There are 2 protein chains.
Amino acid sequence: MGERGVPRAERRRRTEEKILGAARTLFAEVGFERATIRAIARAAGVDPALVMQYFGTKQELFQQAARVTPVADGELTAEEVVEHVLASLSVKMGEVPQGSLAMMRSMLTHPEAAASARQVLGEQIDRLAAAIPAEDARLRAALLTTIMLGVAVGHQLLELDELRGVSSDEIARLLRPSLRALTAEQVAGDRTG
Amino acid sequence: MGERGVPRAERRRRTEEKILGAARTLFAEVGFERATIRAIARAAGVDPALVMQYFGTKQELFQQAARVTPVADGELTAEEVVEHVLASLSVKMGEVPQGSLAMMRSMLTHPEAAASARQVLGEQIDRLAAAIPAEDARLRAALLTTIMLGVAVGHQLLELDELRGVSSDEIARLLRPSLRALTAEQVAGDRTG
DNA sequence: GTCTATAAGACGATAGAC
DNA sequence: GTCTATCGTCTTATAGAC
């Protein structure tokens, strides 16, 4: 076709990227087990054997496709934590990185994806805990993280009717007080009983 | 063995229950695709062909194993909703029905499980929305539901370190203000900007 | 009624032609 | 470098022996 003059290394890179894109899409849509090498190759418009040639094994292809880019950030105050978590929701709601979706889709059934999810979530918990002024900061950070995970699962993967077409801003607005309740310092003597 | 005198219908029922128990356990542990008929039969101590003889297809076995028993309840006030949701968490944290776990484990990768999950979650959203005095009650109910889903996933399925060994009471205590924030009537003029 | 044997097909992965 | 052909292994499901 019109690909003359393109260096081989560049062509190879483009083909790899095309395969990775198809892999991300399919892993995100149906998960690790149901996304077959054959279907990924078909979606990418290449030969199935080429996929194996490039990536070795299906697991390695998954690792590269579902690689999640961690958002490094410095130290935050408790209030900034809430806004930061909500912003990450906005990212998740709008243009979700398909690699993250691929990992989330497979995390309950594919052991490697589960391990990867535990690591990513654990890192987020660490960052949040560092900014929460409470003795049980890690537990609170874990609940914050699972809350956002649940909302993302319900919206992006299960596609619940009630969350379809709702703007991330509105969800953020409704969720903000709930998140603040978890990051705010507890008043002594709050217990009833 | 010592089973003489037991009517055939009764023996059949016991074998079915043994198979269903093994199916629930395996579906909950590894999900629909990775839980094979062979492994389920092995765990139940029966022949794989017997499982097919009794249940017809793997999908039908899954449907019976992952059937979730809906907790019917009457009308509640907004405050009762919070306690009710938290109580369902206690149920989920302590002795979780394995059928529910089986459905949750497979809901992201098995289409039938996803449909079942949408229905169960939708029914809970309906019940909660009826008790929330707000215009956007359904959206708030959906967020409440996904929050609990996320906590259950993080604790029961991903087994996050930070949630291991934490009593459901403590989680409920930390989560209560967050849930109240979603069910409480919003003060007019709360918007900033 | 229960199990043996096998059908029928999909999969990941590999070897070798071009 | 890319594709054809196929291997070996797994699966669900079925047919028939006992």
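Keep in mind that what you see is a predicted model, and the values were worked out from it rather than measured. Labels below follow one simple rule: chain letters A, B, ... track the order of the sequence lines, proteins then strands, and each chain is numbered from 1. Hydrogens, waters and symmetry mates play no part in the numbers below; they use all other heavy atoms, side chains included.
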Let me have the donor-acceptor pairs involving side chains of residues 28-37 of chain A, under 3.5 Å, with sequence neighbours excluded, atom names and distances please.
unit_1: A:Glu33; atom_1: OE1; unit_2: B:Arg34; atom_2: NH1; d: 2.5
unit_1: A:Glu33; atom_1: OE2; unit_2: B:Arg34; atom_2: NH1; d: 2.8
unit_1: A:Arg34; atom_1: NH1; unit_2: B:Glu33; atom_2: OE1; d: 2.5
unit_1: A:Arg34; atom_1: NH1; unit_2: B:Glu33; atom_2: OE2; d: 2.8
unit_1: A:Thr36; atom_1: OG1; unit_2: A:Ala39; atom_2: N; d: 3.0

Whole angstrom value for the distance that separates [atom2] of [N] from [atom1] of [X]:
| X | N | atom1 | atom2 | result |
| --- | --- | --- | --- | --- |
| B:Asp47 | D:dT14 | CG | C1' | 13 Å |
| A:Ile40 | C:dC11 | CD1 | P | 11 Å |
| B:Phe32 | D:dT11 | CZ | P | 13 Å |
| B:Arg42 | D:dT11 | CZ | P | 8 Å |
| B:Ile37 | D:dA13 | CD1 | C1' | 9 Å |
| B:Leu61 | D:dA13 | CG | C1' | 14 Å |
| A:Lys18 | D:dT2 | NZ | P | 11 Å |

Expected list for residues 41-55 of chain A: side-chain donor-acceptor pairs under 3.5 angstrom, two or more places apart:
unit_1: A:Asp47; atom_1: OD1; unit_2: A:Ala49; atom_2: N; d: 2.9

Which atom pairs, donor and acceptor, lie under 3.5 Å between side-chain atoms of residues 107-121 of chain B and protein residues at least two apart or in another chain?
unit_1: B:His110; atom_1: NE2; unit_2: B:Gln59; atom_2: OE1; d: 2.8
unit_1: B:Arg118; atom_1: NH1; unit_2: A:Leu158; atom_2: O; d: 2.6
unit_1: B:Gln119; atom_1: NE2; unit_2: B:Glu123; atom_2: OE2; d: 3.2

In residues 49-59 of chain B, which residues come under 4.0 Å of DNA chain C by heavy atom?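 Contacts with DNA chain C under 4.0 Å: B:Ala49, B:Leu50, B:Tyr54.
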
For A:Asp126, side chain to side chain donor-acceptor pair (under 3.5 Å) partners two or more places apart: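 Here the qualifying residues are A:Arg138.
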
What side-chain donor-acceptor pairs closer than 3.5 Å can you find for residues 144-153 of chain A, not counting sequence neighbours?
unit_1: A:Thr145; atom_1: OG1; unit_2: A:Ala141; atom_2: O; d: 2.9
unit_1: A:Thr146; atom_1: OG1; unit_2: A:Ala142; atom_2: O; d: 3.1
unit_1: A:Thr146; atom_1: OG1; unit_2: A:Leu143; atom_2: O; d: 3.0

Is any N or O donor-acceptor pair between the side chain of B:Arg12 and the base of C:dG1 shorter than 3.5 Å? no

Does this structure show an ion pair linking B:Arg13 with B:Glu10, if we count only N-O contacts that are shorter than 4.0 Å? yes

